[in-house]
Amino acid sequence: MKCYKGLLLLLFSISFTQLNAQAIKRKYRGIYVGQIGAYEVKMGTSTYVVNASEMKAYVDRDSIFLEIGTNRYASAYFIEKKENKYILTSPRDHSGIPEQFILDPKTKTIVRKGLYPQPDATLMRSGKLPRR
């Protein structure tokens with residue numbers, strides 16, 4: 001009976017350590033740079049033009065840091081593998097709409113899925129993350 005309880009305790013503790021065991025491989029971590037193209041937004045009867053802006057994504061082991069123009073965001077992400085590509089889904093603060101990034105391991109590029117009417121942005125890997 002003691003052996004059974006010990007085994008159950010061991011399995012229980014291992015299951016918690018494996019819950020968030022998803023981590024992206026080291027060779028795909030790094031700095032990705034790209035540009036969000038210009039687009040138009042219709043609000044009521046008015047149409048506004050949003051200029052193109054530079055975007056940087058710092059992909060780390062368990063989190064992603066975004067710089068879009070002068071704005072900075074940080075969030076954790078969840079990984080899903082589909083058809084030789086990794087889909088990184090990151091929740092956004094104060095919004096129910098998650099950010100989605102599709103990492104292509106062959107070309108080491110990330111496609112950020114834009115929220116309508118924002119276009120998708122392709123980010124190319126430009127280097128490694130700075131050491132801590």
Side-chain angles (χ1 to χ4, degrees):
M1 190 69 171
K2 282 186 175 181
C3 183
Y4 179 70
K5 287 182 182 178
L7 182 62
L8 186 63
L9 182 63
L10 179 67
L11 289 174
F12 186 71
S13 64
I14 289 174
S15 67
F16 276 115
T17 61
Q18 296 298 319
L19 280 178
N20 199 9
Q22 298 177 344
I24 200 160
K25 291 182 181 180
R26 181 172 284 161
K27 62 183 174 182
Y28 304 131
R29 298 179 205 162
I31 303 170
Y32 292 83
V33 178
Q35 189 171 11
I36 300 173
Y39 58 96
E40 293 182 350
V41 177
K42 290 187 178 185
M43 292 184 158
T45 58
S46 302
T47 301
Y48 300 98
V49 176
V50 179
N51 295 328
S53 61
E54 185 179 1
M55 178 178 181
K56 288 184 182 178
Y58 300 86
V59 180
D60 205 355
R61 181 178 186 271
D62 57 355
S63 57
I64 189 164
F65 302 92
L66 297 176
E67 287 184 9
I68 303 173
T70 58
N71 300 321
R72 294 181 180 184
Y73 307 98
S75 180
Y77 60 81
F78 306 101
I79 301 173
E80 181 181 349
K81 186 173 182 179
K82 281 192 176 179
E83 301 169 7
N84 298 328
K85 293 186 180 185
Y86 295 101
I87 299 174
L88 310 176
T89 305
S90 173
R92 295 187 332 161
D93 291 339
H94 310 294
S95 174
I97 305 168
E99 290 271 354
Q100 238 186 4
F101 303 91
I102 301 172
L103 172 66
D104 187 1
K106 286 186 178 180
T107 59
K108 290 187 181 176
T109 59
I110 291 180
V111 176
R112 177 190 177 253
K113 301 304 273 180
L115 304 173
Y116 180 80
Q118 196 177 56
D120 295 348
T122 302
L123 309 172
M124 305 293 289
R125 185 158 188 241
S126 68
K128 294 182 179 181
L129 290 171
R131 293 216 172 229
R132 293 184 195 185

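In this structure Lys106 satisfies the side-chain contact (heavy atoms from CB on, under 4.5 Å) test together with Asp104, sequence neighbours excluded. Residues meeting the salt bridge (charged side-chain N to carboxylate O under 4.0 Å, His left out) test with Lys113, sequence neighbours left out: Asp120. Contacts of Ser95 classified as side-chain contact (heavy atoms from CB on, under 4.5 Å), with partners at least two apart in sequence or in another chain: Arg92, Ile97.
Gln118 is listed as a side-chain neighbour of Arg112, based on a closest heavy-atom distance under 4.5 Å. Using a 4.5 Å heavy-atom cutoff, the side chains of Val59 and Leu103 are not in contact. With a 4.5 Å cut-off on side-chain heavy atoms, Leu129 and Ile31 count as touching.
Between Ile24 atom CD1 and Tyr86 atom OH the span is 7.0 Å, to the nearest 0.5 Å. Taking OH of Tyr32 as the reference point, atom NZ of Lys56 lies at 15.0 Å (rounded to 0.5 Å). Separating the CG atom in Leu88 from the CD atom in Glu99 is a distance of 11.5 Å, to the nearest 0.5 Å. A distance of 11.5 Å separates CZ of Arg29 from NZ of Lys128, quoted to the nearest 0.5 Å.
For the pair Met55 and Leu123, the tightest heavy-atom approach, listed with the atom from each and the gap, is O-CD2, 3.9 Å. Ala23 and Ile79 make their closest contact through C-CD1, 3.7 Å (heavy atoms, listed as atom of the first residue, atom of the second, distance). The two residues Pro119 and Gly37 make their nearest non-hydrogen contact at CG-O, 3.7 Å. For Ser90 against Ser75, the heavy-atom pair with the smallest separation is OG-OG, 2.9 Å. Across every non-hydrogen atom of Ala52 and Gln35, the tightest pair is CB-NE2, 3.4 Å. For Thr89 against Pro98, the heavy-atom pair with the smallest separation is CG2-CB, 3.8 Å.
Considering Val33, Ile36, Ile68 in turn, Val33 is the only one that fulfils the side chain to side chain contact (heavy atoms under 4.5 Å, CB included) rule with Glu54.
Each of Tyr77 and Ile87 belongs to its own hydrophobic cluster when Ile, Leu, Val, Met, Phe, Trp and Tyr are linked at side-chain heavy-atom distances under 4.5 angstrom. A chain of hydrophobic side-chain contacts below 4.5 Å, direct or via other Ile, Leu, Val, Met, Phe, Trp or Tyr residues, connects Met43 to Val50.
Heavy-atom contacts from other residues, nucleotides or ligands closer than 6.0 Å to CG of Asn84 number 12 or fewer.
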Check against side chain to side chain contact (heavy atoms under 4.5 Å, CB included), Ile110 and Ile102: CA-CA 5 Å; Ile110 291 180; Ile102 301 172; over 6 Å; no
Side chain to side chain contact (heavy atoms under 4.5 Å, CB included) assessment of Tyr58 paired with Glu67: CA-CA 8 Å; Tyr58 300 86; Glu67 287 184 9; 3.7 Å; yes
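Under a 3.5 Å cut-off, the side chain of Arg125 and the backbone N or O of Tyr28 do not form any donor-acceptor pair.
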